[in-house]
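Inspection log for the structure reproduced underneath, given as structure tokens.
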Amino acid sequence: VDTTRSSGEWSPGCRMTLPEKIERAGQLEKRGVDVIEAGFAIASPMDHKSVQAISAAVTNCTVASLARCAKGDIDAAWDAVKEANHPRIHVFLATSDIHMEYKLKMTREQVIDRIREMVAYAKSYCDDIEFSAEDASRSDWSFLAQCYSTAVAAGATTLNVPDTVGYSTPQEMYDLITYLRQNIEGVEHVDISVHCHNDLGMAVANSPDCVRPGATPGACTVHGLGERAGQGRRCGLRGRQRGAACGGEGGRGLRGGAARSAGGRVLGLSQGLPAALGQPRRLAAVGPEQRPAPAGGPPAGQAHAGRVGD
């Protein structure tokens, strides 16, 4: 899943013109990207226009638009992607205690009800629905599994597990995906995807370790662009059969000519980006030694509820 056109553009100073976005989408399609997350249609008239244009320009890729769990967002997302051959609506809602209390000002019961209602509403427009539990890696694991189970029952076909504040390590993401695979009702009928941020410099390491317990697509951006310290660089994550081949980061799953070929394809795409996207890669925002330890540590099988927010 390529998210350069959506969350990648949240990197300060990084903007592409509409013709550049369409051209890059075509290059991504030629390189076999499965899903292009083309933008956040409700965010602005230009975002809506660019999602709409990319939807009309590509043939084989699924084209997705982000949408909060709100009818206006979902309406705008569908209007932008409805001309795509393979449209997707990607809805999201926060599930961590700190986000629910201070940002959403919603109870757990209200969050569950909103997920059920809005996933079903998005499903009334198209079959391909992705649901993200924002701040999943800092959510209570049992409640998180309940949220995802609700989304599956309402019609979600992909469940996205984001490390929204870039706080997790590979082992933690491995354990979280393992737990979710074992505890989400109906998980055998959906894909689990991941969306890793790079605040600890671990985004590329985290993504392959989510594949091992059963995650399939991984969200990546060209050059690792994204807000704060960015995201994982564009990766070839498509289940275990492709290994964990990450362009520009060593490509653990590729060797010899295959690695050179993949590296050349990624390099060609990178060289085509506008100069504004060629800024030096940002360092991780904090080091592992600065991570606050949760008081008493979490009990086995439970989330790290005591972590400090961003």
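Model, not experiment: these values are computed from the prediction.
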Less than 4.5 Å apart, any side-chain heavy atom of [X] and any of [Y]?
{"X": "Val152", "Y": "His189", "result": "no"}
{"X": "Leu176", "Y": "Val161", "result": "yes"}
{"X": "Asp163", "Y": "Met202", "result": "no"}
{"X": "Val111", "Y": "Met100", "result": "yes"}

[X] side-chain N/O to [Y] backbone N/O, donor-acceptor pair under 3.5 Å:
{"X": "Asp209", "Y": "Tyr174", "value": "no"}
{"X": "Glu29", "Y": "Asn60", "value": "yes"}
{"X": "Arg31", "Y": "Gln27", "value": "yes"}
{"X": "Ser149", "Y": "Glu185", "value": "yes"}
{"X": "Ser124", "Y": "Tyr121", "value": "yes"}
{"X": "Thr164", "Y": "Asp135", "value": "yes"}
{"X": "Glu20", "Y": "Thr17", "value": "yes"}
{"X": "Asn206", "Y": "Ser168", "value": "yes"}
{"X": "Ser96", "Y": "Ser139", "value": "no"}
{"X": "Asp113", "Y": "Glu117", "value": "no"}

Taking atom [atom1] of [X] and atom [atom2] of [Y], what is their separation to the nearest 0.5 Å?
{"X": "Ile54", "Y": "Lys21", "atom1": "CD1", "atom2": "NZ", "answer": "6.5 Å"}
{"X": "Thr157", "Y": "Lys123", "atom1": "OG1", "atom2": "NZ", "answer": "5.5 Å"}
{"X": "Met106", "Y": "Lys103", "atom1": "CE", "atom2": "NZ", "answer": "11.0 Å"}
{"X": "Ser137", "Y": "Met173", "atom1": "OG", "atom2": "CE", "answer": "6.0 Å"}
{"X": "Gln171", "Y": "Thr178", "atom1": "CD", "atom2": "OG1", "answer": "8.5 Å"}
{"X": "Leu159", "Y": "Ile192", "atom1": "CG", "atom2": "CD1", "answer": "6.0 Å"}

* Can you name the one residue among Ile89, Ile74, Val91, Ile129 that meets side chain to side chain contact (heavy atoms under 4.5 Å, CB included) with Met118? ->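 Testing Met118 for a side chain to side chain contact (heavy atoms under 4.5 Å, CB included) against Ile89, Ile74, Val91, Ile129 leaves exactly one candidate, Ile74.
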Closest heavy-atom pair and its distance - [X], [Y]:
{"X": "Asn160", "Y": "Tyr148", "value": "O-OH, 2.6 Å"}
{"X": "Val63", "Y": "Ala84", "value": "CB-CB, 4.1 Å"}
{"X": "Ser55", "Y": "Val81", "value": "OG-CA, 3.4 Å"}
{"X": "Ala53", "Y": "Leu18", "value": "CB-CD1, 4.0 Å"}
{"X": "Ala41", "Y": "Ala80", "value": "CB-CB, 3.8 Å"}
{"X": "Cys147", "Y": "Thr95", "value": "SG-CG2, 3.7 Å"}

* After noting the C-alpha distance and the side-chain angles of Ser132 and His90, does the key distance pass the side-chain hydrogen bond (donor to acceptor under 3.5 Å, both in side chains) rule? -> CA-CA 7 Å; Ser132 283; His90 181 179; 2.5 Å; yes
* Are any of the side-chain nitrogens in Arg108 or Asp97 under 4.0 Å away from the carboxylate oxygens of its partner? ->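 Salt bridge: yes.
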* **salt_bridge(Glu134, Arg68) N-O dist < 4.0 Å** =>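 Answer for the salt bridge query: no.
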* To do: Decide side-chain hydrogen bond (donor to acceptor under 3.5 Å, both in side chains) for Thr169 and Glu172; before the verdict, give the C-alpha distance in whole Å, the side-chain angles of both, and the deciding distance to 0.1 Å.
  => CA-CA 5 Å; Thr169 63; Glu172 289 171 331; 3.2 Å; yes
* Asked: Judged by modelled atom types alone, do His48 and Asp79 share a side-chain donor-acceptor pair under 3.5 Å?
  ->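 Distance-only check passes for His48 and Asp79.
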* Would Ile115 and Phe131 count as a side chain to side chain contact (heavy atoms under 4.5 Å, CB included) if you check the C-alpha gap in whole Å, the side-chain angles of each, and the deciding distance to 0.1 Å? -> CA-CA 9 Å; Ile115 292 170; Phe131 170 73; 3.5 Å; yes
* Taking it one step at a time, do Thr59 and Asn85 satisfy side-chain hydrogen bond (donor to acceptor under 3.5 Å, both in side chains)? -> CA-CA 6 Å; Thr59 302; Asn85 287 348; 4.7 Å; no
* Asked: With Phe143, which residues qualify under ring pair (Phe, Tyr, Trp, His ring centres under 6.0 Å), at least two apart?
  ->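 Ring pair (Phe, Tyr, Trp, His ring centres under 6.0 Å) list for Phe143, sorted by chain: empty.
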* Show your working on side chain to side chain contact (heavy atoms under 4.5 Å, CB included) between Glu130 and Ser193 and close with a plain yes or no. => CA-CA 9 Å; Glu130 181 172 357; Ser193 69; 3.3 Å; yes
* **More than 12 heavy atoms of other groups within 6.0 Å of Lys30 NZ** =>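 12 or below, so no.
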* **Heavy atoms of other groups near Lys49 NZ, more than 12 under 6.0 Å** =>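 Not buried by this count: 12 neighbours or fewer within 6.0 Å.
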* Check the angle between the aromatic planes of Phe92 and Phe40 and answer parallel, tilted or perpendicular using the 30° and 60° thresholds. =>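 Aromatic pair Phe92/Phe40 classed perpendicular.
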* Step by step, work out the side-chain hydrogen bond (donor to acceptor under 3.5 Å, both in side chains) result for Asp47 and Ser50. => CA-CA 5 Å; Asp47 271 57; Ser50 65; 5.4 Å; no
* **Full working for side chain to side chain contact (heavy atoms under 4.5 Å, CB included) between Ile177 and Val194** => CA-CA 9 Å; Ile177 299 300; Val194 293; 3.9 Å; yes
* Are Lys82 and Tyr125 in a cation-pi contact, defined as NZ or CZ under 6.0 Å from the six-membered ring centre and within 45° of the axis? ->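 Negative - Lys82 is either too far from the ring of Tyr125 or too far off its axis.
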* To do: Determine, step by step, whether Gln146 and Ile112 satisfy the side chain to side chain contact (heavy atoms under 4.5 Å, CB included) criterion, reporting the C-alpha distance in whole Å, the side-chain angles of both residues, the deciding distance to 0.1 Å, and the verdict.
  => CA-CA 8 Å; Gln146 186 182 357; Ile112 290 288; 3.8 Å; yes
